[in-house]
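Note: hydrogens, waters and symmetry copies are ignored here, and every other heavy atom, side chains too, is used. The first residue in the sequence is number 1, and the count goes up from there.
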Amino acid sequence: SIIGALGGLLLLYIGLFFSQGWIESQFGLYIPIQPPSFYDGIILGMVSITGLLMGCIPAWMAYKNSLVDGLTIRL
């Protein structure tokens, strides 16, 4: 989730860098390229932490099932 958030941020800035002039000429909107604000960092951090926590659920279930499978007698 952290790599995805950073990758999305990188793609945003690359896309904005290459399309900023076109957006301004076509729509009259000037979108400045600025570093992420503190608020943006908080939101990205919360999304990344939530993604990590949600990834722990299937990991825990796989760990628990592997213990049960390892203790089962096979014939």
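For the pair A5 and S48, the tightest heavy-atom approach, listed with the atom from each and the gap, is CB-OG, 3.7 Å. Contact record, G15 with S19: O-OG, 2.6 Å, taken as the closest heavy-atom pair.
Judged by distance alone, the side chain of D40 and the main-chain N or O of S37 form a donor-acceptor pair under 3.5 Å.
P32 meets the side-chain contact (heavy atoms from CB on, under 4.5 Å) test with Y30, Q34; sequence neighbours excluded. Under the side-chain contact (heavy atoms from CB on, under 4.5 Å) criterion, T50 pairs with M54, sequence neighbours left out.
Within the model, atoms CD1 of I43 and CZ of F38 stand 10.5 Å from one another, a figure rounded to the nearest 0.5 Å. Considering CG of L6 and CD1 of I3, their distance stands at 8.0 Å, rounded to 0.5 Å.
Cluster partners of I31 are L9, L10, L12, Y13, I14, L16, F17, F18, W22, I23, F27, L29, I33, L44, counting Ile, Leu, Val, Met, Phe, Trp and Tyr whose side-chain heavy atoms approach within less than 4.5 Å, directly or via other members.
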